[in-house]
Undergrad: 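To start, I am sharing the structure in question, which I have written as structure tokens.
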Number of protein chains: 2
Amino acid sequence: MARKARTHYAILGLICWKPMSGYDIKKMVEVGLRYFWSESYGQIFPTLNRLVDDGLATKKVDPESGGRRRQVYTATRSGRKRFEAWLRQPTDLPRLRDELKLKFFLTSRSETDEGVRLLEEYRTQQLEHLAMLKESEVIFATALQGAGMPEELDQLMKTLDWSDSDMTDEQSHEILVFYLTLRSGILVAEARVAWVEEVLPILQAGKLPETL
Amino acid sequence: MARKARTHYAILGLICWKPMSGYDIKKMVEVGLRYFWSESYGQIFPTLNRLVDDGLATKKVDPESGGRRRQVYTATRSGRKRFEAWLRQPTDLPRLRDELKLKFFLTSRSETDEGVRLLEEYRTQQLEHLAMLKESEVIFATALQGAGMPEELDQLMKTLDWSDSDMTDEQSHEILVFYLTLRSGILVAEARVAWVEEVLPILQAGKLPETL
DNA sequence: TCAGACATGTAAGTCGTTACATGATTCA
DNA sequence: TGAATCATGTAACGACTTACATGTCTGA
């Protein structure tokens, strides 16, 4: 397998988690993992077939499927081993390429106004993102507090192949993990907003406050 | 130019900021921008020549250079215009692909211990990163408070072609901008550590605290 | 019957890193 | 003289997205 092969392991991990088709994987990523991961069809299908070639997964046609025949992929024993070995390997920090900070830096020889404008754009963007995350947070928290299963989780439930009437401990644990990863997105977005609040007055004053 | 062409604009922006060679750009990125950007030689040199082909930059040999002849690139008028237009375009959110959160999610059907281990690894990693950032913070703050120019800034000073005896207002403004982008890295790293502190006890308890 | 959802896939191109090749100068 | 550093560049690969092509079933 290739150098980092993050996509390979992401997909291998998902089919270890639960046998799935390429389409299921895409749904799963869009509904549940979108706060910290993305995959496109152009990666998913070639990768799945590559996993089969490498003996890490098997493919079989789902006999129950209506529509075009679903190809369901399942991790083999050696696939699981490979996945578990990857889990234990040290994890790189996410790649840093923050376009807005680059723009901000590059305006340092222009008018201060330009930097202020960029910071305000950043704040607006992050606040919108935050609002979206907080909506999801409420949905997950409702489910976790046993106060019913919000409609918005239905699609996720279906992808996970759960019946909506009975929530087992394991399912509730999985919803908890969704919630926890979501919290991380919220804390980071809040930190970015806090950064703007800290930095705007300094930039406008042109210097650090005396009280540092 | 290509779809997003972040690298093109990053490099164009740097030579608008100040005429530089490919080698200077690499240094600049490593010393000053590394908290939010990266570029490799494999991108820098082809991109610089592409900018010349497109009429956005000019190349000339630096007559004063010892060693192998330096090729110094300068933005043309149309290069500057292009760069300024890019600055005003809406900025995408950074791409999300956080490998550790993926691992954390994928362990949700394994033993809780595995998730705990990953969170602790994340905390350690972030704390190390934070310590490094805070060292740099002290260095920049010292310079900004006029308490002398720390040795560690020498390389940066040289890349920016400043003599170390006189710090003009403009130079001090640029150091301020370095400092402000650094603060952003610090706030985000702190938020990630806070996330671990929040999440570890919840994961170990297996449920949200009653007091939510 | 036909729009829309489900489902799988490919081609082309963009984006980015790593490893390597090369050459000149400085200084111990 | 020869190691370190400054400096430029390419080839090969790997990572990822977008747009497109295709096919099947369901239900209005």
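These numbers come from a predicted model, not from an experiment. Naming convention: chains lettered A, B, ... in sequence-line order (proteins, then strands); numbering from 1 in each chain.
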Undergrad: Taking atom P of dT17(D) as reference, at what distance in whole Å does atom CH2 of W37(A) sit?
TA: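 Atom-to-atom, W37(A) to dT17(D), this comes out as 10 Å.
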Undergrad: Between K4(B) and E99(A), does any NZ, NE, NH1 or NH2 come within less than 4.0 Å of an OD or OE carboxylate oxygen?
TA: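 No, no charged N to carboxylate O under 4.0 Å.
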Undergrad: Can you measure M20(A) atom CE to dC6(C) atom C1' for me and round it to whole angstrom units?
TA: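 Whole-Å distance recorded here is 17 Å.
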Undergrad: Where do N or O atoms of nucleotides 10-12 of chain C meet protein N or O atoms at under 3.5 Å, pair by pair?
TA:
none

Undergrad: For the pair made of CG in D24(B) and C1' in dC6(D), what is the distance, rounded to whole Å?
TA: 10 Å
Undergrad: Which nucleotide in the list dG9(D), dT8(C), dT18(C) gets nearest to the side chain of Y23(A)?
TA: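 Of the candidates, dT8(C) comes closest.
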Undergrad: With under 30° as parallel and over 60° as perpendicular, where do the rings of F178(A) and F140(A) fit, or are they tilted in between?
TA: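 It falls in the parallel class, under 30°.
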Undergrad: Charged N to carboxylate O under 4.0 angstrom, D113(B) versus R117(B)?
TA: no
Undergrad: In terms of side-chain geometry, is the basic nitrogen of E190(B) or K134(B) positioned less than 4.0 Å from the acidic oxygen of its partner?
TA: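 Between K134(B) and E190(B) there is a salt bridge, with a charged N closer than 4.0 Å to a carboxylate O.
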Undergrad: Would you mind telling me which residue lines up with the more 5' stretch of DNA chain C, K4(A) or Y73(A), judged by nearest nucleotide?
TA: Y73(A)
Undergrad: How far does the helix from dT1(C)-dA28(D) to dA28(C)-dT1(D) bend, going by the axes of its first and last five pairs, to the nearest 10°?
TA: 10°
Undergrad: What is the distance from CD1 of I11(B) to P of dT8(D), rounded to the nearest Å?
TA: 13 Å
Undergrad: Can you tell me how far C1' of dG9(C) sits from CG of D53(A), to the nearest Å?
TA: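 Spelled out: CG on D53(A) to C1' on dG9(C) is 15 Å.
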Undergrad: Thinking salt bridges, do E121(A) and R88(B) make one under a 4.0 Å N-O criterion?
TA: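 Looking at R88(B) together with E121(A), the answer is no, because their closest N to O distance does not fall below 4.0 Å.
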Undergrad: Need to verify one output field. Residue with the more 5' nearest nucleotide on DNA chain D, S38(A) or V72(B)?
TA: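 Nearest nucleotide further toward 5': that of V72(B).
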Undergrad: In whole Å, I'd like the distance from the NZ atom of K26(B) to the P atom of dC6(D).
TA: 14 Å
Undergrad: So does D24(B) pair up with K18(B), basic N to acidic O under 4.0 Å?
TA: no
Undergrad: By nearest nucleotide on DNA chain D, pick out whichever of K59(B) and R97(B) is the more 5' one.
TA: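 It is K59(B) whose nearest nucleotide is closer to the 5' end.
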Undergrad: Would you call K26(A)-E39(A) a salt bridge at under 4.0 Å N-O?
TA: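 No, no charged N to carboxylate O under 4.0 Å.
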Undergrad: Do T7(B) and Q43(B) have side-chain atoms, one donor and one acceptor, less than 3.5 Å apart?
TA: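 Result is yes, a qualifying pair exists.
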Undergrad: Can you classify the ring geometry of Y41(B) versus Y23(B) as parallel (below 30°), tilted (30 to 60°) or perpendicular (above 60°)?
TA: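 Because their plane-to-plane angle is under 30°, the rings of Y41(B) and Y23(B) count as parallel.
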Undergrad: Whole-Å distance between dC13(D) C1' and H8(A) NE2?
TA: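 Those two atoms, NE2 and C1', are 14 Å apart.
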Undergrad: Please report the distance, rounded to the nearest Å, between CZ in R70(B) and P in dT5(D).
TA: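 So the two atoms are 18 Å apart, to the nearest Å.
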